[in-house]
*Asks:* 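Right, I'll just put the structure down here and ask away after.
Along the sequence shown, residues carry numbers from 1. Values below: all heavy atoms of this structure, side chains included; hydrogens, waters and symmetry mates excluded.
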Amino acid sequence: MTPSLFLFALALPSLVAASPHKPHVVTILVDDWGWGNWGRHKDRSQSEQAFLEVHTPNVDSLASTGVTLDRHYSYKICSPSRSSLQTGRHPDHVNPYNVGVLVNNDEDPISGFQGIPMNMTGLAEKAKSAGYATHLVGKWDAGMATPAHTPSGRGYDTFLGYFQHANGYWDKQGHIESTGNVDLCLNRFTDLFMENETYRGGVLDSGYLDSSCSSSDDEDPECYEEHIFKSRTLEILDEHDPSSPLFLFHSFHLLHTPLNVPNSYLKKVDEMISPYEFDSAARRNYSAMVHYMDDVVGDIVAKLKDKGMYDDTVIALMADNGGPVYLPGAANNHPLKGGKYSDWEGGVRTNALISGGQVPPTTRGSTYTNPVSIADWFGMFCDIFGVDSHDSKSEAANEWMADNRPDLPTLPPVDAVSGLFSSIMAQDQDTNYHPALPISPDALLSYPYKIVTGVQTYSNYTGLLFPNCSTLGTNTNPNPYLPWHNDSHLMNSHLDWSLDPDELDRHLWASDCGASGCLYNVETDPNETTDLAEQMPEILERLRSLLDVHRATVFEPDRGVEDVRACQHSASVNGGYYGPWLSLGDYYTGPFRKLKPAKQAFVNAYDSFLDFVSRPAIEEITYKITQRLYPEFMVPPLVASFDQCINQHGRVQHEEGPSSTM
């Protein structure tokens with residue numbers, strides 16, 4: 001331990017004691033935020049237009065008065081990162097796959113569900129044990145099957161948000177444009193839920209569910225989902241007694257698809273970049289969504305100051321994964337390689353910072369350069385809360401399984417380190433808490449070296465202005481390298497966007513590092529341009545051995561398949577909302593949304609239909625037919641809807657439209 005770190009570690013309790021209570025902690029998680037979509041990572045001298053398109057003054061201000069975590073590593077997709085943050089495990093040790101919320105395996109009562117296993121202690125539970133009020137607003141994506149899997153089951157006093165990877169910003173439905181999937185419920189239900197002391201169930205406020213304001217030119221339409229979330233977060237701050245500690249988790253839907261944003265923000269970004277113009281509708285929408293996100297961050301900070309809470313607050317802000325460079329994701333990780341779904345730096349090295357009045361004056365404006373895992377927030381927050389990060393609940397579950405179900409996988413221990421927060425606040429750059437940091441089952445960082453193995457998607461670089469009309473091509477001159485998504489599912493089965501493996505790899509920008517792996521020095525080569533595997537075989541072998549050790553610890557329970565009972569409960573009991581369907585007891589409070597007679601008749605018929613389509617033989621036939629038809633008949637209209645070339649008025653350009661450099 002360095003002298004400065006030792007002194008800060010001694011001072012941390014006194015800093016807390018100097019306040020009338022423990023510090024407030026406000027966590028802000030941004031979804032699908034590209035490295036190049038933060039103003040801090042833009043250089044005006046490289047491209048004035050690219051610089052102007054990214055508007056993040058409020059986040060920039062937090063960085064200038066806090067600490068930027070320059071090597072913050074998340075997982076390459078969202079649900080594993082969120083499960084990691086909430087439990088302190090590396091993503092591979094809690095939930096390494098983006099399975100849907102409807103899955104269930106009745107044979108595994110501990111881990112046979114989506115998201116966080118039943119008996120892992122959540123971050124909010126730790127906060128509550130230290131006397132904190134706890135609230136979560138926005139995206140959850142860490143489990144839904146039982147009341148124990150929801151935010152309230154994980155220790156949050158209140159929750160307003162949604163359970164899946166995404167929903168519609170206007171209609172709050174879990175349709176294919178939001179999730180990329182068609183689930184067993186055929187995406188029929190509303191995904192907007194509320195939990196508090198007196199009510200647990202789907203949000204009933206008709207104003208929240210009304211999508212008619214989607215075409216409004218109002219500054220901030222009230223039915224826009226992010227307006228609803230912002231309003232709830234500000235309400236929590238308004239109502240909170242500053243003399244008691246608060247743990248508030250604001251989990252943005254932004255910047256995840258669908259790229260829905262109020263018209264007023266499209267006008268703002270058009271004016272912001274004038275005299276330049278957007279040539280991609282998706283890039284314009286994403287830019288406007290970044291602007292909206294930044295405004296919300298500013299509103300939260302302003303409210304903390306108005307309430308006199310800011311000086312007693314730690315603000316943590318981070319992204320759950322790198323930006324999606326496929327369409328319709330429209331993010332940009334320039335100059336980093338790759339994006340969401342890949343283990344390249346663009347997929348896993350993510351924007352993050354710590355700010356707020358509790359950051360010591362001598363630390364403000366600094367950059368922490370050692371690796372930080374998204375799992376480490378659990379340990380850092382526990383240090384701030386003044387509690388141990390140890391998880392006795394999971395240990396008890398492991399003991400039960402050893403005695404009663406030795407066939408089930410045991411729950412991994414907490415990976416989050418202790419002492420990291422003190423190191424960051426003390427500007428200790430000498431202590432590396434992660435000599436070997438697992439990135440995924442296919443990649444590992446032993447700073448400054450990083451090994452990447454196997455087939456990696458999105459193995460390319462985007463330009464300063466991406467996507468653009470060159471990315472899109474035209475109907476008569478299509479771009480053979482148009483980046484596809486290819487994470488579509490029909491119920492329990494993956495749907496490939498092409499039955500031609502070569503075509504699929506081309507559109508996914510795939511490259512193969514093989515079993516032996518590619519090796520990079522990400523300190524001197526942060527953009528991963530030079531593979532050092534042949535030049536440094538000893539280092540490659542050392543990292544490959546470390547990765548092999550990690551692979552043996554990956555947590556892979558049988559989570560089951562989508563459960564028809566979830567759909568039947570949503571249709572017949574829960575008023576048409578996604579929500580828990582197992583081990584309910586008296587969980588739902590009612591009242592429930594009343595269906596009109598015609599809708600009720602449909603629900604009755606729908607219930608019988610679900611029984612039919614969920615039969616394994618029927619589901620298999622449906623999948624085979626759909627997979628045959630999907631690439632030829634369904635992918636083209638999907639791709640066409642993802643982005644369009646536009647002119648200076650935001651209107652669609654057709655075949656003769658402009659093109660720009662990739």
Side-chain angles (χ1 to χ4, degrees), residues 1 5 8-13 15-16 22-27 29 69 72-75 80-95 110 115-134 136 142-143 148 151 153-156 245-249 314-316 318 352 354 358 368 370-399 410-426 428 431-438 550 553 555:
M1 180 180 288
L5 174 58
F8 189 86
L10 290 178
L12 184 58
L15 288 174
V16 174
K22 296 176 180 179
H24 308 299
V25 177
V26 175
T27 304
L29 180 58
L69 306 182
H72 179 267
Y73 285 89
S74 302
Y75 203 65
S81 285
R82 293 162 188 275
S83 300
S84 173
L85 197 161
Q86 295 288 343
T87 66
R89 275 80 171 178
H90 289 311
D92 285 340
H93 290 162
V94 54
N95 177 30
I110 305 296
I116 301 168
M118 181 79 77
N119 295 76
M120 284 187 179
T121 299
L123 180 58
E125 293 176 85
K126 289 291 188 180
K128 283 187 71 66
S129 74
Y132 279 73
T134 56
L136 190 142
R154 298 295 181 186
Y156 288 97
L246 170 69
F247 177 58
L248 172 60
F249 198 118
V314 174
I315 298 173
M318 74 292 291
I354 300 173
Q358 285 286 294
Y368 184 74
N370 281 322
V372 176
S373 165
I374 194 163
D376 286 329
W377 293 105
F378 188 91
M380 288 193 283
F381 291 155
C382 284
D383 286 348
I384 296 169
F385 299 154
V387 298
D388 196 309
S389 63
H390 182 77
D391 190 351
S392 57
K393 187 164 70 172
S394 66
E395 287 185 347
N398 286 340
E399 291 176 5
T410 56
L411 301 177
V414 170
D415 293 303
V417 299
S418 295
L420 179 57
F421 183 76
S422 295
S423 282
I424 293 171
M425 293 300 102
D428 171 28
T431 306
N432 181 357
Y433 285 82
H434 295 292
L437 176 62
H550 170 66
T553 69
F555 181 65

*Asks:* Say whether, by atom type as modelled, one donor and one acceptor occur between the side chain of Lys126 and the main chain of Asp388 under 3.5 angstrom.
*Replies:*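 A pair under 3.5 Å: yes.
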*Asks:* Partners of Thr410 by side-chain contact (heavy atoms from CB on, under 4.5 Å), sequence neighbours excluded?
*Replies:*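 So Thr410 forms a side-chain contact (heavy atoms from CB on, under 4.5 Å) with Asn398.
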*Asks:* If you round to the nearest 0.5 Å, how far is CZ of Phe249 from CG of Leu85?
*Replies:*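 Nearest 0.5 Å value for the CG-CZ distance: 5.0 Å.
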*Asks:* Taking only residues two or more places apart in sequence, or in another chain, which ones meet Phe247 in a ring-ring contact (aromatic ring centres under 6.0 Å, His included)?
*Replies:*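 Per chain and number, Phe247 pairs via ring-ring contact (aromatic ring centres under 6.0 Å, His included) with Phe381, Phe385.
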*Asks:* Thr134 side chain to Gly155 main-chain N or O, any donor-acceptor pair under 3.5 Å?
*Replies:*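 Judged by distance alone, yes, a pair lies under 3.5 Å.
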*Asks:* By side-chain contact (heavy atoms from CB on, under 4.5 Å), which residues pair with Pro117, not counting sequence neighbours?
*Replies:*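 With sequence neighbours excluded, Pro117 shows a side-chain contact (heavy atoms from CB on, under 4.5 Å) to Val94, Ser111, Met120, Leu411, Phe555, given in chain and number order.
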*Asks:* Going from OG on Ser423 to CE on Met380, what distance comes out if it is rounded to the nearest 0.5 angstrom?
*Replies:*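 Output value for this atom pair is 10.5 Å.
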*Asks:* Between Tyr433 (side chain only) and Gly419 (backbone N and O only), is there a donor and an acceptor less than 3.5 Å apart?
*Replies:*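 It does hold such a pair.
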*Asks:* How close do Gly122 and Phe378 get, heavy atom to heavy atom, and via which atoms?
*Replies:*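 Reported closest heavy-atom pair: C-CE1, 4.0 Å.
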*Asks:* For Ser83, give me all partners under side-chain hydrogen bond (donor to acceptor under 3.5 Å, both in side chains), at least two apart in sequence or on another chain.
*Replies:*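 Once residues adjacent in sequence are excluded, the partners of Ser83 under the side-chain hydrogen bond (donor to acceptor under 3.5 Å, both in side chains) criterion are Asn95.
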*Asks:* Got a sec, which residues hit side-chain hydrogen bond (donor to acceptor under 3.5 Å, both in side chains) with Ser84, two or more places apart in sequence or on another chain?
*Replies:*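 For Ser84 there are no side-chain hydrogen bond (donor to acceptor under 3.5 Å, both in side chains) partners, ignoring immediate neighbours.
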*Asks:* So, the side chain of Asn370 versus the backbone of Thr431: is there a donor-acceptor pair under 3.5 Å, distance only?
*Replies:*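 Yes, the answer is positive, given that a donor and an acceptor are paired below the 3.5 Å cut-off.
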*Asks:* Looking at residues at least two apart in the chain, or sitting in another chain, which of them share a side-chain contact (heavy atoms from CB on, under 4.5 Å) with Ala133?
*Replies:*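 Once residues adjacent in sequence are excluded, the partners of Ala133 under the side-chain contact (heavy atoms from CB on, under 4.5 Å) criterion are His135, Asp157, His240, Leu246.
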*Asks:* Sequence neighbours excluded, which residues qualify as salt bridge (charged side-chain N to carboxylate O under 4.0 Å, His left out) partners of Asp391?
*Replies:*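 In terms of salt bridge (charged side-chain N to carboxylate O under 4.0 Å, His left out), with neighbours along the sequence ignored, Asp391 is linked to Arg89.
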*Asks:* Are any side-chain N or O atoms of Arg82 and backbone N or O atoms of Leu29, one a donor and one an acceptor, separated by less than 3.5 Å?
*Replies:*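 Side chain of Arg82 to backbone of Leu29, a donor-acceptor pair under 3.5 Å: no, none is there.
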*Asks:* Measure across Tyr132 and Ile384 and return the closest heavy-atom pair with its distance rounded to 0.1 Å.
*Replies:*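 In this case the closest contact between Tyr132 and Ile384 is OH-O, 4.0 Å.
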*Asks:* Looking at residues at least two apart in the chain, or sitting in another chain, which of them share a side-chain hydrogen bond (donor to acceptor under 3.5 Å, both in side chains) with Tyr73?
*Replies:*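 So Tyr73 forms a side-chain hydrogen bond (donor to acceptor under 3.5 Å, both in side chains) with Arg71, Glu345.
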*Asks:* Taking all heavy atoms of Pro245 and all of Lys22, pick out the closest pair and write down the distance.
*Replies:*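 For Pro245 and Lys22, the tightest heavy-atom pair comes out as CB-O, 3.7 Å.
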*Asks:* Not counting sequence neighbours, which residues clear side-chain hydrogen bond (donor to acceptor under 3.5 Å, both in side chains) with His434? List them please.
*Replies:*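 Expected list: Asp376.
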*Asks:* With sequence neighbours left out, write down each residue that passes ring-ring contact (aromatic ring centres under 6.0 Å, His included) with His90, or none if nothing qualifies.
*Replies:*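 Partners of His90 under the ring-ring contact (aromatic ring centres under 6.0 Å, His included) test: His93.
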